[in-house]
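Data block below; observations after.
Naming: A, B, ... by sequence-line order, numbering from 1 per chain.
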Amino acid sequence: MSELHVYNTLTRKLEKYEPINPKQTKMYVCGPTVYGDSHLGHAKSYISFDLVFRWLKVAGFNPFYVQNITDVGHLVGDAEEGEDKIQKLSKELASEPMAIAEGFTKSYFDDMDRLNILRPHISPRATGHIPEQLEMIETLISKGFAYESNGSVYFDVKKFSSYGKLSGRKTDELQEGARVEIHEDKRNPLDFALWKKAEANHLMRWKSPFGVGFPGWHIECSAMSMKYLGESFDIHGGGLENQFPHHECEIAQSEAATGKHFVKYWLHNNMVTVNGEKMGKSKGNFVLVKDLFKTYDPMVIRFLVLSSHYRSPIDFSAEGLMSAQSGFERLMNMVGPVLKFEEGREEKPFTQKLILDWFEEFSEAMNDDFNSPRALAVVFNAVKTLNTNPELLVDGGLRSELPSFFRKTVGEVLGLLPENASGKSFEKELDSAMGLILELRTGFRQEKNWSKSDLIRDRLTSGGIVIEDGKEGSKWKIKGS
RNA sequence: GGCGACGUACCCAAGUGGCUAAGGGAGAAGUCUGCAAAACUUUCAUUCGGCGGUUCGAAUCCGCCCGUCGCCUCCA
């Protein structure tokens with residue numbers, strides 16, 4: 001089998017993946033700031049890293065996955081200078097700020113669960129790691145990389161010579177950019193806050209050696225990733241827009257504090273646009289996944305995201321969604337029935353040539369920087385072959401190994417076969433009832449009583465059950481699964 | 001102004017030096033069918049934004065030009 005290669009933003013190259021410890025991969029992904037419901041950007045980002053996580057597992061790298069929840073709230077930009085996003089919402093809703101964060105954290109997990117995104121091993125909260133962040137800040141001060149100023153603490157960018165190595169920026173050029181805000185407490189406009197003094201109206205606040213305040217915008221990721229993954233770890237992921245300044249600052253803080261190389265592979269996913277435009281607050285064109293779920297199966301959203309590479313941008317449009325819906329249905333029209341070939345779930349080793357070839361091609365695609373569009377193409381080629389050669393589906397063909405093949409590729413790796421999480425399922429009962437209905441309808445059809453047989457079909461269709469009449473009798477399936 | 005990504009059919013999207021340019025969607029015609037659906041067959045880029053160059057050979061490498069998008073400010 002081919003070897004895994006990943007695109008490392010740090011070196012701007014496709015590199016062979018070699019974890020620091022061959023027995024376990026440690027990965028960290030920047031999680032959401034929980035001040036609102038998840039939108040398509042979150043979906044793309046976390047589906048992308050879920051794919052990475054899933055493939056690392058299947059490929060035997062034994063990943064340990066940490067993804068933070070930022071509930072401290074970052075400062076709001078323009079008008080409400082100095083006001084915390086969560087604080088702002090809590091004022092509007094007359095509620096405890098932690099309750100707001102908690103509510104959106106639940107909402108986030110609920111959305112991600114529906115997209116069949118596996119939970120990270122740890123989802124540490126920023127507010128639960130204030131001591132770790134303070135400890136790191138004090139280390140940075142004692143090593144001379146940070147300074148206290150008027151109740152706040154700033155990182156002294158000039159002291160860290162390789163600042164800019166991830167984003168390819170030069171500090172002198174940045175200063176000319178004029179968009180860097182000049183702050184009188186800072187020695188240098190590029191210096192970033194590690195700790196901010198809390199104004200009187202600031203609700204989320206903690207005691208610190210520097211006075212009452214709250215942590216800066218980048219420190220939580222450094223403190224939490226190093227706490228759970230060590231001072232050097234393998235993979236750090238996040239959205240492209242976080243490359244600068246967020247990840248650049250993380251590197252500076254972490255490497256200044258430990259003197260060690262922070263992260264071996266930096267992975268960045270590209271962004272979502274909506275009808276060709278950046279999705280943003282100012283444009284008012286946020287697409288919330290909860291809204292999409294009202295019309296589309298979450299797996300259709302997942303399929304859409306996987307049908308382009310994680311480093312490519314996705315332009316979101318109604319046509320794209322419909323195309324994904326049709327494509328996903330085509331896939332499931334084969335995979336669904338195949339999974340019913342066997343009762344058990346035991347994994348069968350692949351021995352048959354065709355299946356081995358398919359899996360080899362699939363693995364090659366995934367090993368090529370998690371190339372999900374190519375992996376999907378492999379699966380579709382398999383579907384085509386099976387549709388064209390129905391003898392492969394019966395005993396003596398590929399029947400015994402096909403369920404495992406699809407469960408592994410479409411299920412385990414691509415995550416397009418969610419387990420029914422709701423627990424109790426009425427599959428047996430439904431089977432029996434549908435069997436009776438189809439029997440009755442077959443009777444009408446034999447009597448050429450088309451009006452009754454069509455009435456049954458139409459009513460079932462509008463209720464989400466599709467009837468298909470074939471040579472060997474009628475079949476039914478739940479729409480879209 | 002600085003940094004970066006990208007431009008492949010009607011739409012989405014792989015392919016980054018060499019067999020007939022993957023795959024999905026939409027469209028068209030047909031097979032099957034009471035009809036429908038599904039599936040299948042055929043069709044759908046002699047050509048990869050444009051112009052030059054390197055090479056026996058380029059969508060793939062180089063140069064210039066045009067265009068789109070993102071980042072540089074909280075953002076996945």
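A/P245 is linked by a side-chain contact (heavy atoms from CB on, under 4.5 Å) to A/H218, A/C249, counting only residues two or more places apart in sequence or in another chain. Every residue two or more places apart in sequence or in another chain that forms a side-chain contact (heavy atoms from CB on, under 4.5 Å) with A/N387 is listed here: A/M334, A/V383.
Residue ring and base: A/W450 counts as stacked with B/G34 (centre distance below 5.5 Å, interplanar angle below 30°).
Taking a pair as Watson-Crick or G-U wobble with both distances under 3.5 Å, RNA chain B forms stems of 3 or more consecutive pairs at B:1-7 with B:66-72, B:10-12 with B:23-25, B:27-31 with B:39-43, B:49-53 with B:61-65.
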Give me, pair by pair, the N or O atoms of the protein and of nucleotides 8-12 of chain B that are less than 3.5 Å apart, along with how far apart they are.
none

Problem - Base-contact (B) and sugar-phosphate-only (S) positions in nucleotides 17-22 of chain B, heavy-atom cut-off under 4.0 Å, - elsewhere - result: -----B

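Rounded to an integer number of Å, the gap from NZ of A/K477 to P of B/A37 is 12 Å.
A heavy atom lying under 4.0 Å from RNA chain B marks none of the residues of residues 114-127 of chain A.
Counting non-hydrogen atoms under 4.0 angstrom, A/K448 reaches nothing in the nucleic acid. When heavy atoms are screened at a 4.0 angstrom cut-off, A/V379 is found touching no nucleic acid atom at all.
With A/Y154 as the aromatic partner, A/R187 does not meet the cation-pi criteria of under 6.0 angstrom to the ring centre and within 45 degrees of the ring axis.
A/S45 has no side-chain polar atom (N or O) that falls below the 4.0 Å cut-off from OP1 or OP2 of B/C75.
Taking only distance into account, the side chain of A/R445 meets the base of B/G34 through a donor-acceptor pair shorter than 3.5 Å. A donor-acceptor contact under 3.5 Å is not formed by the side chain of A/N242 with the base of B/C75. The base of B/C6 is not paired with the side chain of A/R311 by any donor and acceptor separated by under 3.5 Å.
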